[in-house]
Amino acid sequence: MSLYQQWENLIESRGTKEEYNKFIQEYLQKEKAVYEQILANHTQTVSGTCSELAQKFGMSNAEFAGFIDGINTSLTEEINLEELNEDTLVTLNIDYEKLYWNMLDAQAEWLYTIPAWDNILTEERRKEIKKEYNQSKIVVKPKKVGRNEPCPCGSGLKYKKCCGK
């Protein structure tokens, strides 16, 4: 069984909602600590086997697989989670702008407000990324064509006589 499957089983094995919430809160604290370490040492590449990195960051192997699942889309090369085991060599080449964007998307304020971001992205750049993120979430509805207006296909006919039939 892969570490990622163990991670999924670990989450699903929580019987009550209270147990699940407690588990998630404990995990999120560990995740924040890992991000603080990674961001503080952003010039160093995080590399090693899954079990070495899990031990380094104070997580179980399955929890570290969950961490990799969360950061995977922010890596320059994604990791195949289904093949992840204790001896898999993992290198986290992080695209920090994409990571910041993904933290905004996850609404993880406890992560994108970590003070270590000041040394990686300028405050102006973080504001630009947040603005781009907010603009990407705005729904723009196309202008509705009136039935007596010229058809947008360019035929020269009224919409009701052309594409509006």
Side-chain angles (χ1 to χ4, degrees), residues 1-140:
M1 182 183 315
S2 75
L3 288 177
Y4 184 66
Q5 290 169 329
Q6 290 176 26
W7 167 248
E8 289 179 327
N9 290 342
L10 195 60
I11 291 173
E12 292 169 2
S13 68
R14 305 296 163 208
T16 65
K17 189 173 183 176
E18 291 80 22
E19 288 176 345
Y20 174 80
N21 288 339
K22 183 180 178 199
F23 173 77
I24 292 298
Q25 289 305 317
E26 289 173 1
Y27 169 75
L28 292 177
Q29 290 303 314
K30 291 178 183 179
E31 181 186 51
K32 182 179 180 184
V34 173
Y35 276 117
E36 286 172 338
Q37 281 185 282
I38 290 174
L39 296 175
N41 302 308
H42 69 279
T43 56
Q44 299 172 357
T45 302
V46 178
S47 185
T49 65
C50 278
S51 58
E52 290 170 349
L53 293 175
Q55 186 176 10
K56 175 182 175 182
F57 293 123
M59 296 178 134
S60 70
N61 291 337
E63 289 172 331
F64 190 69
F67 174 79
I68 291 174
D69 181 32
I71 198 171
N72 209 8
T73 57
S74 302
L75 301 176
T76 54
E77 273 187 53
E78 288 192 25
I79 297 168
N80 185 344
L81 296 171
E82 296 301 324
E83 296 176 1
L84 203 60
N85 62 48
E86 289 88 354
D87 300 322
T88 304
L89 185 62
V90 174
T91 302
L92 303 179
N93 292 319
I94 303 167
D95 179 343
Y96 287 99
E97 289 190 3
K98 195 171 185 183
L99 177 61
Y100 192 78
W101 174 286
N102 289 336
M103 287 178 174
L104 289 170
D105 193 36
Q107 299 175 352
E109 185 176 348
W110 66 94
L111 296 177
Y112 65 78
T113 56
I114 293 174
W117 278 110
D118 295 338
N119 300 327
I120 301 168
L121 300 172
T122 64
E123 185 159 345
E124 295 80 29
R125 183 61 189 139
R126 285 181 287 171
K127 285 180 181 178
E128 287 173 21
I129 293 171
K130 185 162 181 148
K131 184 177 179 181
E132 291 168 9
Y133 169 75
N134 289 339
Q135 287 176 342
S136 75
K137 298 300 176 193
I138 296 173
V139 177
V140 179

On a heavy-atom basis, the closest approach of Ile94 and Leu99 is CG2-CD2, 3.9 Å
Neighbour count above 12 (heavy atom, 6.0 Å) for Gln107 CD: no
message = Quick check: do Leu53 and Met59 have side-chain heavy atoms less than 4.5 Å from each other?
response = no
Test ring-ring contact (aromatic ring centres under 6.0 Å, His included) on Tyr27 and Phe67; report intermediate values, then the result.
CA-CA 9 Å; Tyr27 169 75; Phe67 174 79; 7.8 Å; no
Distance col, row Ile129:CD1 vs Asn134:CG, nearest 0.5 angstrom, shows 12.0 Å
| said: I'd like to know if the side chain of Trp117 and the backbone of Leu111 have a donor-acceptor N/O pair within less than 3.5 Å. | reply: yes
Rounded to the nearest 0.5 angstrom, the NZ-OG1 distance for Lys98 and Thr76 is 9.0 Å
| field | Crowding at CD, Glu128 (>12 non-hydrogen neighbours, <6.0 Å) | value | yes
OG of Ser74 to OH of Tyr96, rounded to nearest 0.5 Å, is 10.5 Å
| query | Between Lys130 and Arg126, is any pair of side-chain heavy atoms under 4.5 Å apart? | reply | no
Scanning both residues in full, the closest heavy-atom pair of Thr49 with Asp87 reads CG2-O, 3.9 Å
Note to self: Salt bridge check, Lys127 against Glu123: does any charged N sit closer than 4.0 Å to a carboxylate O?
What the structure shows: yes
Output side-chain donor-acceptor pairs under 3.5 Å for residues 3-10, partner residues at least two apart or in another chain, one line each.
unit_1, atom_1, unit_2, atom_2, d
Tyr4, OH, Glu8, OE2, 3.4
Gln5, OE1, Ser2, N, 3.0
Asn9, ND2, Gln5, O, 3.4

message: Is the shortest side-chain heavy-atom distance between Val90 and Val46 below 4.5 Å?
response: no
Rounded to the nearest 0.5 Å, the CD1 atom of Ile120 sits from the OG1 atom of Thr122 at a distance of 12.0 Å
Those residues at least two apart in sequence (or on a different chain) that pass side chain to side chain contact (heavy atoms under 4.5 Å, CB included) with Glu109 are Tyr112, Thr113
inquiry  = Whether Glu132 and Arg125 form a salt bridge (side-chain N of Lys/Arg under 4.0 Å from carboxylate O of Asp/Glu) is what I want to check.
reply    = yes
To the nearest 0.5 Å, atom OG of Ser51 lies from atom CZ of Phe64 at 10.0 Å
In short, Leu104 meets Tyr133 closest at the heavy-atom pair O-OH, 3.6 Å
Is a side-chain donor-acceptor pair under 3.5 Å present for Gln44 with Asn41? no
query: Side-chain contact, heavy-atom cut-off 4.5 Å: Thr88 with Asn80?
result: no
Quick note, salt bridge (charged side-chain N to carboxylate O under 4.0 Å, His left out) partners involving residues 59-80, not counting sequence neighbours, are Lys30-Glu63
d(Asn119 CG, Leu39 CG) to nearest 0.5 Å is 9.5 Å
Nearest heavy-atom approach of Asn61 to Ala54 is OD1-CB, 3.5 Å
